[in-house]
Amino acid sequence: MLSAIDIIHTLHKENLSIDSIGAVDICTSSIFAGDNSVVARCRIRGTDGDFLLKCLYAPYATAMQCRHALCVTYLSIHSSLTGEYQKSCCILRKWDDGIPLDVALFYGSYDYKDLSRLFDRMAYERLLRDEAHGDISPENIIVSDDGMQLIDNDGEWCAYNEQDTNIEYGTPGFAHTHRTMSPPSKVVDDYPIALLSTLIAAMGHYAAEAQ
């Protein structure tokens, strides 16, 4: 496993190059270390628009291959523990403007009832689809002027690919406690959707009562 410190150190380097992508410029102020990866906003030289770069802690040889990412490639990371270079699996996708739902709920100026309506609309549209996101949680939802949208769909399950072995079990606290006991299916989104819909609606109710 690669460490967040080693990946962050690499992302701060100038003239960074990613295999099969080429030179990229990292917005160092956007670097964030999560549970299984380090993410950052970046630009690919010679390409318009910003991208989200996700570097997994899992080595490239054993990392999950995401079907829905713009690209799956690797970045050479110097390990401070072994002194050797390891390949971090990198997922690159278009950057989505907005703020994460967890930030909007606790630090933003959004009305909770508005957030509740936006969430339920997004959730309804998701439930009508043939695939499940697989990891619905506040940090994987972006709030923007256009509404809400899910991001980080590396663990997305598709009805037409039931033999897929690349299984993620969601974010602890927002995934059913017995999820690992069942095979992946479309219903894995039901629990986090019901939980978040209830929580956000309750926040809107109690905020109104407090006024």
Side-chain angles (χ1 to χ4, degrees), residues 4 27-42 49-54 56 66 68-70 91-159 167-180 182 184-211:
C27 176
T28 55
S29 62
S30 70
I31 296 175
F32 176 80
D35 292 334
N36 65 355
S37 64
V38 175
V39 298
R41 189 172 185 166
C42 71
D50 290 354
F51 293 83
L52 175 70
L53 175 65
K54 182 176 183 179
L56 303 181
C66 176
H68 304 280
L70 173 65
I91 297 173
L92 196 68
R93 66 179 76 242
K94 285 286 188 180
W95 177 266
D96 294 309
D97 285 320
I99 64 172
L101 177 59
D102 56 338
V103 175
L105 285 171
F106 298 108
Y107 303 105
S109 58
Y110 290 87
D111 181 87
Y112 291 139
K113 287 190 174 181
D114 288 341
L115 290 177
S116 179
R117 286 190 289 268
L118 289 175
F119 177 84
D120 287 347
R121 184 184 306 160
M122 179 202 69
Y124 177 71
E125 293 174 353
R126 165 58 59 173
L127 291 173
L128 291 177
R129 299 175 62 174
D130 289 332
E131 65 254 8
H133 180 274
D135 190 12
I136 295 180
S137 61
E139 59 266 31
N140 285 339
I141 300 171
I142 294 294
V143 183
S144 67
D145 293 337
D146 298 326
M148 288 188 190
Q149 61 179 329
L150 283 162
I151 61 170
D152 202 16
N153 59 344
D154 306 339
E156 192 164 81
W157 175 89
C158 298
I167 300 173
E168 286 193 356
Y169 293 107
T171 300
F174 297 96
H176 196 282
T177 53
H178 300 307
R179 177 172 168 180
T180 57
S182 302
S185 71
K186 186 178 183 299
V187 301
V188 298
D189 285 346
D190 292 359
Y191 179 84
I193 283 176
L195 177 62
L196 283 169
S197 178
T198 303
L199 287 174
I200 300 171
M203 292 175 75
H205 172 76
Y206 289 115
E209 289 289 321
Q211 292 180 351

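Residue numbers count from 1 along this sequence. Keep in mind it's a predicted model, so treat the numbers as computed, not measured.
Within the 4.5 Å cutoff, the side chain of Leu53 has no heavy atoms near those of the Arg41 side chain. Annotation: side chain of Tyr112 is in contact with side chain of Leu105 (closest heavy-atom distance under 4.5 Å). Contact of the Ile193 side chain with the Ile136 side chain is registered, since non-hydrogen atoms from C-beta on lie closer than 4.5 Å. In this structure, the side chains of Phe51 and Lys94 come closer than 4.5 Å at one or more pairs of heavy atoms. Looking only at side-chain heavy atoms (C-beta outward), Ile142 and Met148 stay at 4.5 Å or farther from each other. The shortest distance between side-chain heavy atoms of Phe32 and Glu139 does not fall below 4.5 Å.
Closest non-hydrogen pair, Ile91 versus Arg93, comes out as CG2-NH2, 3.6 Å. Closest approach of Pro192 and Val188 over heavy atoms only: CD-O, 3.3 Å. Residue Ser37 comes nearest to Leu56 through the heavy atom pair CB-CD2, 3.7 Å, listed as atom of the first residue, atom of the second, then distance. The two residues Leu150 and His133 have their closest heavy-atom pair at CB-CD2, 3.8 Å. Heavy-atom minimum distance, Ala104 versus Val143: CB-CG2, 4.2 Å.
Scored by the ring-ring contact (aromatic ring centres under 6.0 Å, His included) test, Phe119 finds no partners at all (sequence neighbours excluded). Considering only residues two or more places apart in sequence or on other chains, Asp96 meets the salt bridge (Lys or Arg N to Asp or Glu O under 4.0 Å) condition with none of them.
At distances below 3.5 Å, not a single donor-acceptor pair connects side-chain atoms of Asp50 with backbone N or O atoms of Trp95. At distances below 3.5 Å, not a single donor-acceptor pair connects side-chain atoms of His176 with backbone N or O atoms of Asp189.
Under 4.0 Å is where a charged nitrogen must lie from a carboxylate oxygen, and between Arg117 and Asp114 at least one such pair does.
Between the OG atom of Ser30 and the CG atom of Leu52 there is a distance of 8.5 Å, given to the nearest 0.5 Å. One distance of note links CG of Leu196 with OH of Tyr191; it measures 10.0 Å at 0.5 Å rounding. With values rounded to the nearest 0.5 angstrom, His205 atom NE2 is found 12.0 Å from Ser116 atom OG. Of the inter-residue distances, the one linking Glu131 atom CD with Arg126 atom CZ reads 5.5 Å to the nearest 0.5 angstrom. Note that NZ of Lys54 and SG of Cys42 are 14.0 Å apart. Values are rounded to the nearest 0.5 Å. Atoms CD1 and CG, on Ile200 and Leu118 in that order, are 9.5 Å from each other to the nearest 0.5 Å.
Between the side chains of Ser144 and Asp97, no donor-acceptor pair of N or O atoms lies under 3.5 Å.
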